[in-house]
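Note that ligands are numbered from 1 as they come in the structure, with each ligand's atoms numbered from 1 the same way.
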Amino acid sequence: AKEGGSRQHRRYSADLDDRAGEAARLGVEMRTGMDTGQFRMVYQPIVALPEGRTRYVESLVRWQHPERGFVSPAEFVPVAEQNGLIVELGEWILRTACAQFVVWRDQHGVHAPQRISVNVSARQLNEPGFAAVVAEVLECSGMPADHLIVEVTETAVFGGGTAVQAVKDLSALGVRIALDDFGTGHSSLGLLQTVPVDVLKVDKSFVDNLTMAGRHAVIATALIQVSNGLGLTAVAEGVETAEQAAELHRLGYQYAQGFHFGKPAAEPDFHGSAVAVV
Ligand code: C2E
Ligand code: CA
Ligand code: CA
Ligand code: CA
């Protein structure tokens, strides 16, 4: 048993070495990728129910690597969090999204999305002067503060550090605050008492199986009640079917996002793509 244990231990540390090595390689390649324009932004519609018109968009980063091909942000964002590159990448993301919003507003007028949301990671939020960077980006891009939504997660805000103050500073600028993946953390409701919040992004896990009788619908109903009671905007995430959209509408949800309404794209169709709930 002892020998088996140490073999297992060796295999485990080899795995760790592999993983550390892979993260280090990815980090080096990210640096090159940032310097050579391998990153780009896509935008996913957030629609109003029941008519399905695009009201907001969420910005999502993409990395097209010359050899690896498409690398998922679920893979490289955590690495960038670790090595700190997310601070520079995140500022580029913010600048790109705000500039895009202003271009769309000028091109599409009333059909343009009313707000754009940008994901901000824990590391960014805890970076001294983050709110000042946001203020500068808004100023340079001509983006009105109250049309920007910053999406933060519970872990980012409760991770200690200055994140709570940063969220308060952003809110004071007029920027809207969204709690991402809402309901999946340990203290989602507690967070509502700690930071100023405007938007609850109700996690996909509550939308999945919504149309089967059971606890998912009960929780989705409780969350919309909390949201309405506090005067917040609830957005249901990860809506993949017409049935889910109809059920969310029935429960009182006014905003939804998911592949059913539109996948993330460089240029979403704001004019003719409405998917109405019937
Ligand atoms: P998230 O912020 O929760 O973003 C939602 C994710 O769900 C996106 O994946 C989106 O493409 C995906 N999604 C949207 N609708 C559906 C649906 O109907 N079904 C399914 N199965 N998935 C759906 P993506 O773009 O791969 O991003 C994954 C995560 O990576 C994001 O989760 C976020 O945590 C992070 N991320 C993405 N872009 C950024 C960024 O610009 N900055 C930061 N800091 N993190 C980002
Ligand atoms: Ca998000
Ligand atoms: Ca989310
Ligand atoms: Ca997520």
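Taking 3.0 Å as the criterion, Asn119 counts as a coordinating residue of the Ca ion (ligand 2), since one of its N, O or S atoms falls below it. Glu151 lies close to the Ca ion (ligand 2), since one of its N, O or S atoms is found at a distance under 3.0 Å.
At a heavy-atom cutoff of 4.0 Å, ligand 1 is contacted by the side chain of Gln44 but not by its backbone. Contacts of Val118 with ligand 1, taken as heavy-atom pairs under 4.0 Å, are absent altogether. In Ile93, the part holding a heavy atom less than 4.0 Å from any atom of ligand 1 is the side chain. Counting heavy atoms closer than 4.0 Å to ligand 1, residue Glu58 contributes side-chain atoms (C-beta onward) but none from N, CA, C or O. Looking at Gln257 against ligand 1, nothing comes within 4.0 Å, counting heavy atoms.
Counting atoms of ligand 1 from 1 in the listed order, those under 4.0 Å from a heavy atom of Pro264 are 11 (O). Distances below 4.0 Å separate heavy atoms of Lys204 from the following atoms of ligand 1: 19 (N), 20 (C), 21 (N). Close contacts of ligand 1 with Asp181, meaning ligand atoms under 4.0 Å from a residue heavy atom, involve 3 (O).
Within the 4.0 Å heavy-atom cutoff, Lys201 does not count among the residues contacting ligand 1. The closest approach between Lys263 and ligand 1 stays at or above 4.0 Å for every heavy atom of the residue. Ligand 1 lies nowhere less than 4.0 angstrom from a heavy atom belonging to Gly90.
Rounded to the nearest 10 degrees, the angle OE2 (Glu237) to the Ca ion (ligand 3) to OD1 (Asp180) equals 100°.
For the pair Glu58 (side chain) and Ile46 (backbone), a donor-acceptor distance under 3.5 Å is absent.
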